[in-house]
Amino acid sequence: MLEQIHLLAAVTVLGVLEQVYFFLQVIYARRAFGISPPKTSGPPEFERIFRAQVNSSEYFPIFLALLWQAGLFFHQGLAAGLGLLYLCGRYCYFVRYRASSLERLTPIYFSAGVLWILLAVSALGILHFFLSHYMGLNVLQLLT
């Protein structure tokens, strides 16, 4: 069983570590700009870091759900590869958003594209499972 999920688990751990890094950047920015919680506003430099972290945190559960569904129902290696692309895109998003709000657009579109691919792969895998498990219809055999 573990050989079927080890890549997904590794990407999940990397994703959690990335989230921790983003959280720490907000803490460092709070200290640098003298902004105590629960305040979320301050200089534009702080607000960009804060928004990049919050936005990344908001998408993280969606990413995890799609990563695991795609890996379990379609293909672990493909899902893990897409997961790594997503995490790289998110890191670029964070770094670029920190520098300028306009610079965030390309990496956010890239990350969103990867999520759409994970969604499509997940849906195809789940559809194939339902068709084969409940209807006895093997789509892969029909295609060949």
Side-chain angles (χ1 to χ4, degrees), residues 1-135 137-140 143:
M1 171 69 180
L2 292 179
E3 62 275 351
Q4 296 172 339
I5 62 170
H6 68 285
L7 295 176
L8 301 174
V11 172
T12 300
V13 169
L14 287 174
V16 169
L17 290 173
E18 183 176 69
Q19 290 297 308
V20 168
Y21 172 76
F22 296 159
F23 293 142
L24 290 174
Q25 295 307 302
V26 172
I27 291 170
Y28 299 148
R30 284 187 179 281
R31 290 179 184 158
F33 296 108
I35 300 170
S36 300
K39 288 184 183 177
T40 58
S41 61
E45 296 83 5
F46 169 76
E47 289 182 3
R48 287 195 306 266
I49 293 169
F50 181 77
R51 281 303 314 150
Q53 181 269 319
V54 169
N55 185 274
S56 295
S57 295
E58 291 168 346
Y59 276 86
F60 194 62
I62 297 167
F63 163 68
L64 286 180
L66 293 175
L67 171 74
W68 280 86
Q69 288 177 80
L72 294 175
F73 287 97
F74 195 84
H75 190 274
Q76 177 188 202
L78 177 64
L82 289 169
L84 290 174
L85 284 175
Y86 177 81
L87 293 178
C88 288
R90 269 295 158 174
Y91 179 78
C92 290
Y93 165 78
F94 188 88
V95 170
R96 290 187 182 183
Y97 199 172
R98 173 186 228 162
S100 166
S101 61
L102 294 176
E103 295 292 320
R104 79 191 193 287
L105 296 177
T106 301
I108 196 69
Y109 293 148
F110 176 79
S111 298
V114 174
L115 284 180
W116 280 109
I117 295 169
L118 279 170
L119 177 63
V121 169
S122 298
L124 287 172
I126 292 168
L127 177 64
H128 178 261
F129 176 80
F130 280 130
L131 289 175
S132 64
H133 189 73
Y134 293 110
M135 299 179 74
L137 184 63
N138 191 334
V139 177
L140 296 177
L143 293 175

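Since the structure is predicted, the reported quantities are computational estimates derived from the model, not experimental observations.
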Inset, instruction - Please step through side chain to side chain donor-acceptor pair (under 3.5 Å) for the pair Thr12 and Trp68, ending with a clear verdict. - result: CA-CA 9 Å; Thr12 300; Trp68 280 86; 2.8 Å; yes
Please report the shortest heavy-atom distance between [X] and [Y], naming the atom on each side.
X	Y	result
Leu7	Ala80	CB-CB, 3.7 Å
Leu67	Val11	CD2-CG1, 3.9 Å
Thr40	Glu47	O-CG, 4.1 Å
Ser122	Gln69	OG-CB, 3.6 Å
Ser111	Gly89	OG-C, 3.3 Å
Gln25	Arg98	OE1-NH2, 3.0 Å

Inset, instruction - Starting from the C-alpha separation in whole Å, work towards a yes-or-no answer on side-chain contact (heavy atoms from CB on, under 4.5 Å) for Leu24 and Ile27. - result: CA-CA 5 Å; Leu24 290 174; Ile27 291 170; 4.3 Å; yes
Inset, instruction - Please work out whether the ring planes of Phe63 and Tyr86 are parallel, tilted or perpendicular, with thresholds of 30° and 60°. - result: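 Taking Tyr86 first and then Phe63, their aromatic rings lie parallel (interplane angle under 30°).
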Inset, instruction - Please state whether the rings of Phe22 and Phe94 are parallel, tilted or perpendicular, taking 30° and 60° as the class boundaries. - result: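 Answer is parallel, since the angle falls under 30°.
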Inset, instruction - Take His128 and Phe73, measure what side-chain contact (heavy atoms from CB on, under 4.5 Å) needs, and give me the verdict at the end. - result: CA-CA 8 Å; His128 178 261; Phe73 287 97; over 6 Å; no
Give, for atom [atom1] of [X] and atom [atom2] of [Y], the distance between the pair rounded to the nearest 0.5 Å.
X	Y	atom1	atom2	value
Ser41	Ile35	OG	CD1	7.0 Å
Leu66	Ile62	CG	CD1	7.5 Å
Leu137	Leu127	CG	CG	9.0 Å

Taking the side chain as every heavy atom from C-beta outward, state whether [X] and [Y] have any atom pair closer than 4.5 Å.
X	Y	answer
Arg31	Tyr28	yes
Leu131	Met135	yes
Leu102	Arg96	no
Val16	Phe60	yes
Glu103	Tyr97	no

Inset, instruction - Under the side-chain contact (heavy atoms from CB on, under 4.5 Å) rule, what do Tyr91 and Tyr21 come out as? Steps first, then yes or no, please. - result: CA-CA 10 Å; Tyr91 179 78; Tyr21 172 76; 3.8 Å; yes
Legend entry - More than 12 heavy atoms from other groups under 6.0 Å of OH on Tyr109: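 It does not: Tyr109 OH has 12 such atoms or fewer within range.
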Inset, instruction - With side-chain contact (heavy atoms from CB on, under 4.5 Å) as the test, would you mind laying out the steps for Leu84 and Leu14 before giving the verdict? - result: CA-CA 9 Å; Leu84 290 174; Leu14 287 174; 3.7 Å; yes
For residues 50-57, tabulate all N or O donor-acceptor pairs below 3.5 Å that involve a side-chain atom, not counting sequence neighbours.
unit_1	atom_1	unit_2	atom_2	d
Gln53	NE2	Ser57	OG	2.9
Asn55	OD1	Arg90	NH1	2.7
Asn55	OD1	Arg90	NH2	3.3
Ser56	OG	Ala52	O	2.9
Ser56	OG	Arg90	NH1	3.3
Ser57	OG	Gln19	OE1	3.2
Ser57	OG	Gln53	O	3.1

Inset, instruction - Examine distances only and state if a side-chain atom of His133 and a backbone atom of Phe130 form a donor-acceptor pair shorter than 3.5 Å. - result: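 No, the answer is negative, given that no donor and acceptor are paired below the 3.5 Å cut-off.
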Legend entry - Backbone of Glu3 reached by a side-chain donor or acceptor of Gln76 within 3.5 Å: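 A pair under 3.5 Å: yes.
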